[in-house]
Each structure stands twice: as structure tokens, then as C-alpha cells.
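Order of the sequence lines fixes the chain letters, A, B, ..., with proteins taken first and strands second; residue numbering starts at 1 for each chain.
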Amino acid sequence: CTSVVAEDSNGNLIHGRNLDFGLFMGWDMKNKSWQITEQLKPLVVNIDFRRSNHTVFKSTGFAGYAGMLTGMKPHSFSLTINERFSMDGGYIGIIEWLLHHRDAMWMGFLTRTVLENATSYEEARSLLSQTKLLAPAYYILGGNQTGQGCIITRARTESLKPLELNLKQGRWYLLQTNYDHWKAPLFLDDRRTPGMKCMNQTLQPNISFKTLYDVLSTKPVLNKLTTYTTLMEVSKGKLESFVRDCPNPCMPW
Amino acid sequence: STQYVPPYTEECRTGMYPPQGPTFKGAVTWYTVDLDLPPSKRWSALMSEKKDDIANMIKVIKDIADAFVPSGKLIDFVDKVLPLIVDTLPYPYDEELKGIASASGVPLGEIALFNLFYEVFTV
């Protein structure tokens, strides 16, 4: 996955993501595609979650998946998850769950709970940083005011080296793939460098849905695992999603 | 073929929006989930519409599982054990998963597997 939260020159926050899923799960030799990735595409849906006839939050997800990977609470915050691979991975959390150690939360359910119940960027950030999880994850959170954007790197029990937008230091965007931000990405899977190159070329005054979609359409940020692209603008309550394809030549991940 | 050699990158794209062309496979449809409904009913309308698509996806997962464990024991495990996990999930997710299984006609264990995919694949 690749998630980006960026602030334009007017202090407006734009949040976008490519959802990549299905690595090593059945390569279709004929169509040069991942089988699960292709099967997920018809399941992509935008959902308006409503209570008392009012929107509580909006999300892009997969039909049949009750948790959330991408969502936005209009005028409050936007949130995406990127997978964090670790030997201390989710299977250990599942085993603990089966052994009746059930004080941790399932990752997608925590995201949904935060989208449903948190009322501000700060509250969302606190819940995502402090709640014990079954699996490691990267949470990318955007707000509706200048400087409100952060990457929360989660181990199962703690938050590691949070990184925030900082305009004074020239950090007007945050770009997260599937690697810790303080380490170099795997050289075989470097979407961070081309993504940042395109963001740097775009320049802060030009960031918009249009230019962020361009960044998320550049290979290998766009790759054979990319299922959908979502763009969100919290201040306007706007969420757009598109099912993607990556014609050859295209990286398998 | 050299283009597949990592790290393959291209020049930064421009003019891709509004989405069109070969990298755009379609717009995403909007649905409403009413949180005032009982959890078991919230997903009924959406799942009725998408039941064929989710059945196709589950079939591919089963085929891949069968390729790894040809005896079919892996899917047996999913169908027998994972429904028991659903009862341990916090409310309202336990009820929602049962509602999704009921509306789609897909066995509860396989719906549970789909919902636990992320945790399983972080290793």
C-alpha cells in the first residue's frame, strides 16, 4: 500500500491511498495478475455509514469485510492503514486470542471503532497510538487543520517513532508504504523513493486531488497489487475512489 | 522484460485525473449502512447484491488453499474452527459477521477468514 497525507499552501489537507493486497496469492500466468487482487476488485464499495439519517463516517472497503482500511469522518479526520510486516505478526495475536488473552483489538475493527466514535483528530490519534492490537500496522491520520497529519507506526503493544507534518521543517506531506519510516525500504520494493520524487516535483502549492491521483498512478506506486485508489478531503467531506489496473509493463508489487 | 527488473519506475505521471484509460478499471459504487439497524441486518442489502462476487473470491481462496494442502483439511479447519472465533469477537462485529454470512450464503467460517486476512498476512 501507499498512503499520502499532504497539506496545500492554504492549510487544506488532502489524503490519498493505493490499497495493494494479494501478494503471493495465486499468480495468473495468462493475464499476468494476482488472482486474489483481481477477485477483490468487484468487491470494492464506498459506504456512507449513517445514524439517525446523518453521516457518521464514509469509507472505501470490501463488501463482506466489516472492518475498515480507509475512511474519513467529514470535517474531523481521515484515516488509512498500511500493512506492517513483522515476525511478531498477527498470527501471534490470533494465538493469544485463542488462548483467551483478549485485551487486544483486531486492526480493522479498531479503525472502524475510531471512525465511528472519535470526535477529533487528537482523540483518533490517541486511540490509534495507545490501543493494544493483535497485529502490527501503520496508521496514517490526517486532520482538518494545518499541521494535522501523522504516521503512527504500531507494534502490537506500543507506538514507535510517530512522525508528524511539520511545515517549518519543510515536511508538507507524509508518504508511507510498508516499511518503517526511519529505515530504508527493501530495494526490491521501493515505492517510497518514486512516490516522494513525484510529490517533490508536484510542489506544495499544486497539491490537489488531481495531482495526488497522478502520484498514485505512477508505477511502481501503482502496481499489480493495487486494487483501488482513494482520495479524501476532510474539510469538504469529499471521498472519491477508483478501481485500478496496472497494464504491462508493471511491477508485480 | 528488463522493465520488470526492480526498481522499475517511470516518469511521474501527469494528466491522469479525471480517471480514464487503461489504469482506470471503473468507478466505485456508493452504498449506505444504517447503524440504527440491528448489527445482523446492517449489511443485508449490500451483501445480497454482492453475494456472487464474494462467492467467487472465496472460491479462489479455497483453490489456493487446496493447492497448498490438497487434502482439503485446511478448508475443513476454516469451516469448523473459525465460526467459533466469531463468537469471541466484540459486539457488534460478531453479529455483523453472522449477518454477512447469512445474507451472502457464504459459510460463516469463510467470512471470518476474509475478515481476519489482515492479521494473518502480517507475517
task = Only counting residues at least two apart or in another chain, list the ones meeting side chain to side chain contact (heavy atoms under 4.5 Å, CB included) with A/Asn117.
result =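 With sequence neighbours excluded, A/Asn117 shows a side chain to side chain contact (heavy atoms under 4.5 Å, CB included) to A/Thr113, given in chain and number order.
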
Which residues share a side chain to side chain contact (heavy atoms under 4.5 Å, CB included) with A/Ala104, sequence neighbours left out =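 Scan of A/Ala104 (side chain to side chain contact (heavy atoms under 4.5 Å, CB included), adjacent residues dropped) gives A/Lys132, A/Leu134.
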
inquiry  = Please rank A/Phe109, A/Tyr228, A/Phe49 by heavy-atom pairs under 4.5 Å with chain B and give me the top one.
reply    =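 Going by pairs under 4.5 Å, I would pick A/Phe109.
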
inquiry  = Rounded to the nearest 0.5 Å, what separates atom CD in A/Glu38 from atom NZ in B/Lys25?
reply    =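 Rounded to the nearest 0.5 Å, the CD-NZ separation comes to 4.0 Å.
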
inquiry  = Which residues in residues 13-23 of chain B have any heavy atom closer than 4.5 Å to a heavy atom of chain A?
reply    =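 Counting heavy atoms that sit under 4.5 Å from chain A, the residues of residues 13-23 of chain B involved are B/Arg13, B/Thr14, B/Gly15, B/Met16, B/Tyr17, B/Pro19, B/Pro22, B/Thr23.
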
ask   = Of the non-hydrogen atoms in B/Ile100 and A/Ala66, which two are nearest, and what is the gap between them?
value =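 Result for this residue pair: CD1-CB, 4.3 Å.
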
query = Contact part of B/Leu37 toward chain A, heavy-atom cut-off under 4.5 Å: side chain, backbone, both or neither?
reply =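 For B/Leu37, neither part sits under 4.5 Å from chain A.
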
query = Between B/Glu11 and A/Lys219, is the closest basic N to carboxylate O distance under 4.0 Å?
reply =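 No.
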
Taking side chain as everything from C-beta outward and backbone as N, CA, C, O, which of these in [X] sits under 4.5 Å from a heavy atom of chain B? Side chain, backbone, both or neither.
X        : answer
A/Ile94  : side chain
A/Leu239 : both
A/Thr229 : neither

ask   = By salt bridge (charged side-chain N to carboxylate O under 4.0 Å, His left out), which residues pair with B/Asp66, not counting sequence neighbours?
value =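 Per chain and number, B/Asp66 pairs via salt bridge (charged side-chain N to carboxylate O under 4.0 Å, His left out) with no residue.
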
